[in-house]
Amino acid sequence: MTRAAAEIGRGLAPARAARPIRPGERIHVLGAAGAGASAAALLAHRAGAVVSGCDQGGPSPYSAALLEAGIAIDWQHDPAHVERPADQRPERLAVTKALTAVNPDHPELAAAHRLGIPTEPWQQVVADAAASSGQRLVAVAGTHGKSTTAGWLVDVLVRAERDPSAFVGALLDASLTGETPSTARWGSGDVFVVEADEYAGNFDPYRPSLILLLNAEWDHPDVFADADAVYDAFAGWIRAAGKATLVANIADDGVQHVVERLSGWDGRIVTVGLDVPTADVYGQAEVDEGKTTLVVNGRLGSGVYNIGLPGRHNAANGLVVLAAAKILAAGGHGAPDLGGFRGVGRRLELKGEVGDVVVLDDYGHHPTAIAKTIEAVRERYPNRRLWAVYEPLTFHRTAAMLERFADVLATADEVAIADIWAGRDPDTTITSATALADAVNRLKGPRATAPGSVEQTADYVATKVKSGEVVLVMGGGRSYVIAERLVGLLRQ
């Protein structure tokens with residue numbers, strides 16, 4: 001059953017025009033250890049705000065950068081964070097919709113409402129930080145590949161000495177952030193890159209002048225009833241940007257549907273596409289022994305580019321990055337550097353190779369993304385047996401796409417499915433990890449199991465994996481624990 005964006009974000013103010021953050025403005029971030037909320041906290045801090053945060057989930061891979069920046073985090077939620085003397089209490093709360101989706105009457109939110117303190121999605125704080133910087137806002141959107149592509153564009157801009165600011169929904173390496181790995185970067189250049197998520201209007205606060213649309217497919221079944229609802233959401237947001245430039249990957253069927261909905265729009269559309277000769281930027285991908293070469297032609301120039309990331313889907317993302325870099329003149333009169341980028345955190349990240357067992361960690365949590373990731377792993381590690389170890393992200397997505405998940409997971413040689421990460425789920429009874437394992441086994445025989453928690457799943461795989469095999473860990477909740485724990489167990 002779908003819910004309206006306003007219901008999922010109940011109690012949060014609607015998106016508004018971005019405004020600069022006032023120096024000394026007090027902002028409190030709920031869910032501060034999350035990928036996006038941590039970036040909002042860091043960027044607000046860099047813009048001059050006095051930032052505090054809380055997160056009852058405890059430390060995460062994203063919270064270390066906040067502590068390094070001196071941002072205090074309380075590892076519990078408490079109305080006392082809000083109910084302070086008037087000269088100390090927050091002037092606004094930045095909130096993740098993962099909280100309002102399941103608990104709109106949360107005590108901290110209720111306290112803020114009683115005191116007349118605005119409560120906003122954390123994306124609004126990111127938009128305000130961009131307004132504070134005065135930089136050109138560039139948004140990367142799509143159902144899949146946003147973090148990799150946004151990080152890639154940041155990398156290209158850094159190499160071109162453009163010193164961008166950014167929010168990316170995955171950890172950027174310290175070589176890009178200049179400090180602890182984080183999901184945010186603060187620069188003095190002329191470009192601010194944001195990852196723009198379509199879930200429940202998350203991208204509504206962003207009004208970019210340049211938009212990159214990678215793909216469009218049905219996802220978030222708690223918000224979008226079907227693919228048409230997804231296309232409508234993307235098209236509505238793009239229209240709201242006014243006279244922007246859209247780089248559209250028309251090799252993707254969903255993007256074509258979005259572009260059709262933009263008839264009469266005031267903006268400019270630059271089309272790109274692998275194996276689409278009619279596109280403004282036309283590319284062909286050549287994959288050999290896991291290495292990808294991108295051959296490009298079109299009105300924005302031509303060239304041959306080596307890409308450090310595997311798979312045709314990354315060649316498609318690279319083509320979009322190239323077009324954006326050309327529009328932003330990121331290479332000056334030369335060619336943008338696409339080959340030096342090695343990815344962002346948890347996007348086909350090599351966690352270790354122990355006893356000839358390779359352990360990879362990836363954020364894949366949608367059937368299409370999983371299929372493309374498995375394809376890329378097969379290209380990089382041909383003729384090796386593959387484990388697909390998956391922690392499903394949300395009960396509603398797993399239930400709605402159960403058979404599709406089973407189809408793609410069954411292409412692996414062995415499958416282990418951890419307990420489902422609830423996230424934004426009000427109902428956790430509609431399916432289970434065991435149900436997904438059973439669906440895989442109905443297709444290909446008994447090759448899938450559901451060991452339990454992420455810790456139990458790592459322990460199980462450690463006892464079964466054999467030398468020469470590749471373990472691909474996927475998911476968006478705590479699946480990173482599986483990869484880290486597995487590497488540790490194998491080293492023992």
Run the side chain to side chain contact (heavy atoms under 4.5 Å, CB included) check on C54 and L30 step by step: do they pass?
CA-CA 5 Å; C54 60; L30 274 72; 3.9 Å; yes
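- The aromatic rings of H365 and Y363 sit perpendicular to each other, their planes meeting at more than 60°, with 30° as the lower class boundary.
- For the atom pair CD1 (I27) and CZ (R92), the distance works out to 4.0 Å, reported to the nearest 0.5 Å.
- To the nearest 0.5 Å, atom CG of residue L42 and atom OG1 of residue T183 are 6.5 Å apart.
- Under the 4.5 Å side-chain criterion, counting only non-hydrogen atoms from C-beta, L172 is in contact with V344.
- For the residue pair D222 / Y199, a side-chain donor-acceptor distance below 3.5 Å is found, with atom types taken as modelled.
- Within 6.0 Å of atom CD in E68, 12 or fewer heavy atoms from other residues, nucleotides or ligands are found, so the atom counts as exposed in its surroundings.
- With sequence neighbours excluded, the residues forming a ring-ring contact (aromatic ring centres under 6.0 Å, His included) with H28 are H81, listed by chain and number.
- The shortest distance between side-chain heavy atoms of L274 and L294 falls below 4.5 Å.
- Between R478 and E455 there is a salt bridge, since a side-chain N of the basic residue sits under 4.0 Å from a carboxylate O of the acidic one.
- Annotation: salt bridge (Lys or Arg N to Asp or Glu O under 4.0 Å) contacts involving residues 246-259, sequence neighbours excluded, are absent.
- Remark: R19 does not engage E120 in a salt bridge, criterion side-chain N to carboxylate O under 4.0 Å.
- A heavy-atom distance below 4.5 Å is not found between the side chains of M474 and L348.
- With sequence neighbours left out, R261 forms a side-chain contact (heavy atoms from CB on, under 4.5 Å) with D228, Y231, D232, A235, H257.
- Residues M401 and W218 meet the side-chain proximity criterion, which asks for heavy atoms closer than 4.5 Å.
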Any chance you could lay out the side chain to side chain contact (heavy atoms under 4.5 Å, CB included) test for L210 and L212, step after step, and finish with the verdict?
CA-CA 7 Å; L210 176 61; L212 283 57; 3.9 Å; yes
Give the C-alpha distance, both sets of side-chain angles, the deciding distance and a yes or no for side chain to side chain contact (heavy atoms under 4.5 Å, CB included) between S182 and T180.
CA-CA 6 Å; S182 73; T180 305; 5.8 Å; no
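- Here the side chain of S263 pairs no donor or acceptor atom with the backbone of E260 at under 3.5 angstrom.
- D55 places a side-chain N or O within 3.5 Å of a backbone atom of A33 that can act as its donor or acceptor partner.
- Using a cutoff of 4.0 Å between basic side-chain nitrogens and carboxylate oxygens, K351 and D362 are not scored as salt-bridged.
- Between D190 and R136 there is no salt bridge, since no side-chain nitrogen of the basic residue lies less than 4.0 Å from a carboxylate oxygen of the acidic one.
- E195 places no side-chain N or O within 3.5 Å of a backbone atom of V140 that could act as its donor or acceptor partner.
- Between the R346 side chain and the G475 main chain, a donor and an acceptor come within less than 3.5 Å of each other.
- Counting only distance, with no hydrogens or angles, the side chain of H144 and the backbone of G364 share no donor-acceptor pair below 3.5 Å.
- The shortest side-chain heavy-atom distance between S479 and W421 does not fall under the 4.5 Å cut-off.
- Proximity of a side-chain donor or acceptor of Q135 to a complementary backbone N or O of G189 within less than 3.5 Å is detected.
- Applying the ring pair (Phe, Tyr, Trp, His ring centres under 6.0 Å) test between F167 and each of Y62, F192, W122 identifies W122 as the sole match.
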Please tabulate, one pair per line, all N/O donor-acceptor pairs under 3.5 Å involving side-chain atoms of residues 307-318, not counting sequence neighbours.
from, atom 1, to, atom 2, distance (Å)
R312, NH2, D275, OD2, 3.0
N314, ND2, P310, O, 2.8
N317, ND2, H313, O, 3.4

Applying side chain to side chain contact (heavy atoms under 4.5 Å, CB included) to T271 and V259, what does each step give before you reach the verdict?
CA-CA 10 Å; T271 59; V259 170; over 6 Å; no
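- In this structure, E198 contributes its side chain and D219 its backbone to no donor-acceptor pair below 3.5 Å.
- D78 CG to E108 CD: the interatomic distance, rounded to the nearest 0.5 Å, is 6.5 Å.
- A salt bridge links R16 with D128; the closest basic N to acidic carboxylate O contact falls under 4.0 Å.
- Aromatic ring orientation, W237 versus F203: parallel (interplanar angle below 30°, classes split at 30° and 60°).
- With V321 as the partner, the side-chain contact (heavy atoms from CB on, under 4.5 Å) test is satisfied by one option alone out of V247, V154, V156: V156.
- Residue Q88 qualifies as enclosed at atom CD: its count of foreign heavy atoms under 6.0 Å is above 12.
- In this structure, T394 contributes its side chain and G423 its backbone to no donor-acceptor pair below 3.5 Å.
- A distance-only check finds a donor-acceptor pair linking the side chain of S38 to the backbone of A35 [under 3.5 Å].
- Listed for the R162 side chain is a donor-acceptor partner under 3.5 Å among the backbone atoms of A329.
- Considering only residues two or more places apart in sequence or on other chains, E7 meets the side-chain contact (heavy atoms from CB on, under 4.5 Å) condition with R3.
- To the nearest 0.5 Å, atom CG of residue D197 and atom OG1 of residue T143 are 9.5 Å apart.
- For the atom pair NE2 (H220) and NE2 (H396), the distance works out to 8.0 Å, reported to the nearest 0.5 Å.
- Among residues two or more places apart in sequence or in another chain, the salt bridge (charged side-chain N to carboxylate O under 4.0 Å, His left out) test is passed with D427 by none.
- Here F405 contributes atom CZ and R397 contributes atom CZ; the two are 6.5 Å apart, rounded to the nearest 0.5 Å.
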